[in-house]
Amino acid sequence: MTSHNPWPIVTITNLTTAGEGLAYLADGRPLIVKGAIPKDQVEVQLLKRGPKQDIGRIRRLLVPSPDRCDPPCPLAEKCGACQLMMMRYEAQLKWKRDQVMAALEKYDLSLPVASVLGMKNPWHYRNKTLLPLGYTAGGHYVAGFYGERSHRLIAQDNCLLSTPKAAKIVKTILAFLEKGQISLYSEQTGRGLVRHLLIREARGSGEVLVSLIVNGRRLPQSERLVAALKALGVRSISLCVNTAKGNAVLGQELIPLYGPLYIEEKIGALNFRLGPRSFFQINGEQTEVLYQVVVDFAELSGRETVWDLYCGTGTIALFLARYAKAVLGVEIIGEATENARQNARLNNILNADFYVGKAEEVVPKILDKPGAAADVVVVDPPRKGCDQGLLATICQMAPAKIIYVSCNPLTLARDLAFLHLNGLYQIKKVQPVDMFPMTSHVETVCLLSK
Ligand code: SAH
């Protein structure tokens, strides 16, 4: 029962933020046990001793946690994308809420956190499937994922987060490529044609887009592929040219093979055009839930100016536009703001403006412009959270409300503590939303009022 034991026996007490089991050895050293969940009692095979913690895997599950279930995907462990698949969904939601509370407590913010808004059916929610391609030892074509620390592709033809329709399309494309013996790209040599498959599905319209990411500009026998995909109802088929070495998946240039270069998706009453390169939320159903929380928190009367910082393709700004006097979006990627403007036009939204640049640099430049005074500021930063200078600027602007949409409870808590210490804002509501069932990702919306 000590760390000298070749197979220590431990009870898992928590999950790490990455969703791995965490236990403590008899001498107090933390031990990460992959695939284990809280309340599992396990016999552990130690794999690695680190400076701060040890890493192991389950050798024997002695007493399963009451929250444990059989992961329905046979590849769950190898794939690693669904870190929580062996945990009952209710327990996943509870864990996510606990994560938010624990992060807030770290900064002495003890606030009521609402129950996580989860999905009725937490499967098949991904609207985007992006897979690398490879050959099996027997020379067959497969699409799948790379095993841990390996360059060998593991075939995944029935992902439970992806849709059955996507699975059918993947199968069709693989059959086409194999029949035509069209070469697959090799990262090692930089030779071969087809690199990745991209499939996007619009929930609202049912439209499907397929793009083959290729190391070249032409796909041999493409008419055969077009015919096969048309028969499956695919609306947009293209090549996405990426001839660069390195690990950027998508290239800049798109070559249409069939139909328009985009499909139309709906969120609430709004339409969005999605191309192969557009940034878009992965879980359409929960995106509506998330944005509705933002709308509810904002309580707009139609007279407000709303800022959407880190706005991506402007979806939150556009969602709020019809309840506000004006919305302003700021986003670092120019192509995303281009999409945002197109989407505004598509929906006849005339009161939205989008700016390109770092929020921390753009906001100070535009905050004094006529009509820019913010009543509500929404921020939705990447995992590293908001720039501290930006938070200080927001405090200076002193909007009546700040709505913080976060994909990382730790940086959320840090930034809330900063805003709280500033003295101007009170944290009113904390509402997690489950955007990624079966994974350890935690999304939270937080309302601050002056
Ligand atoms: N609100 C969007 C998603 C935002 S994701 C939606 O709901 O769809 C975070 C966005 O922040 C990304 O689009 C990223 O490109 C952008 N970003 C990252 N750093 C930034 C910065 N310093 N200033 C502005 N935008 C930034």
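Sequential numbering from 1 along the given sequence is applied to the chain's residues. Numbering of ligands and ligand atoms starts at 1, following listing order. Both backbone and side-chain heavy atoms feed into the values below; hydrogens, waters and symmetry mates do not.
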Using a 3.5 Å cut-off on N/O to N/O, what pairs does ligand 1 make with the protein? A line per pair would be great.
{"residue": "ligand 1", "atom": "1 (N)", "partner": "Tyr310", "partner atom": "O", "Å": "3.4"}
{"residue": "ligand 1", "atom": "1 (N)", "partner": "Asp380", "partner atom": "OD2", "Å": "2.8"}
{"residue": "ligand 1", "atom": "7 (O)", "partner": "Gln281", "partner atom": "NE2", "Å": "3.0"}
{"residue": "ligand 1", "atom": "7 (O)", "partner": "Tyr291", "partner atom": "OH", "Å": "2.6"}
{"residue": "ligand 1", "atom": "7 (O)", "partner": "Asp380", "partner atom": "OD2", "Å": "3.4"}
{"residue": "ligand 1", "atom": "8 (O)", "partner": "Tyr291", "partner atom": "OH", "Å": "3.3"}
{"residue": "ligand 1", "atom": "8 (O)", "partner": "Thr315", "partner atom": "OG1", "Å": "3.2"}
{"residue": "ligand 1", "atom": "13 (O)", "partner": "Glu331", "partner atom": "OE1", "Å": "2.8"}
{"residue": "ligand 1", "atom": "13 (O)", "partner": "Glu331", "partner atom": "OE2", "Å": "3.3"}
{"residue": "ligand 1", "atom": "15 (O)", "partner": "Glu331", "partner atom": "OE2", "Å": "2.7"}
{"residue": "ligand 1", "atom": "22 (N)", "partner": "Glu360", "partner atom": "OE1", "Å": "3.2"}
{"residue": "ligand 1", "atom": "23 (N)", "partner": "Ala359", "partner atom": "N", "Å": "2.8"}
{"residue": "ligand 1", "atom": "25 (N)", "partner": "Ile332", "partner atom": "N", "Å": "3.2"}

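Looking only at atom types and distance, the side chain of Asp296 has a donor-acceptor partner in the side chain of Gln292 under 3.5 Å away. Side-chain contact check for Asp434 and Tyr89: at least one donor-acceptor pair (N or O, by modelled atom type) lies under 3.5 Å. A donor-acceptor contact closer than 3.5 angstrom links the side chains of Glu201 and Thr163.
Applying the ring pair (Phe, Tyr, Trp, His ring centres under 6.0 Å) rule to pairs touching residues 269-289 yields Phe272-Phe280, sequence neighbours excluded. Within the structure, every pair that satisfies the ring pair (Phe, Tyr, Trp, His ring centres under 6.0 Å) test and touches residues 415-450, not counting sequence neighbours, is listed here: Phe436-His441.
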Show every donor-acceptor pair shorter than 3.5 Å between a side-chain atom in residues 392-406 and any protein atom, with sequence neighbours excluded, or say none if there are none.
{"residue": "Thr393", "atom": "OG1", "partner": "Gly389", "partner atom": "O", "Å": "2.9"}
{"residue": "Lys401", "atom": "NZ", "partner": "Phe297", "partner atom": "O", "Å": "3.0"}
{"residue": "Lys401", "atom": "NZ", "partner": "Ala298", "partner atom": "O", "Å": "3.3"}
{"residue": "Lys401", "atom": "NZ", "partner": "Glu299", "partner atom": "OE1", "Å": "3.1"}
{"residue": "Tyr404", "atom": "OH", "partner": "Asp415", "partner atom": "OD2", "Å": "2.6"}
{"residue": "Ser406", "atom": "OG", "partner": "Asn408", "partner atom": "N", "Å": "3.0"}
{"residue": "Ser406", "atom": "OG", "partner": "Asn408", "partner atom": "O", "Å": "3.1"}

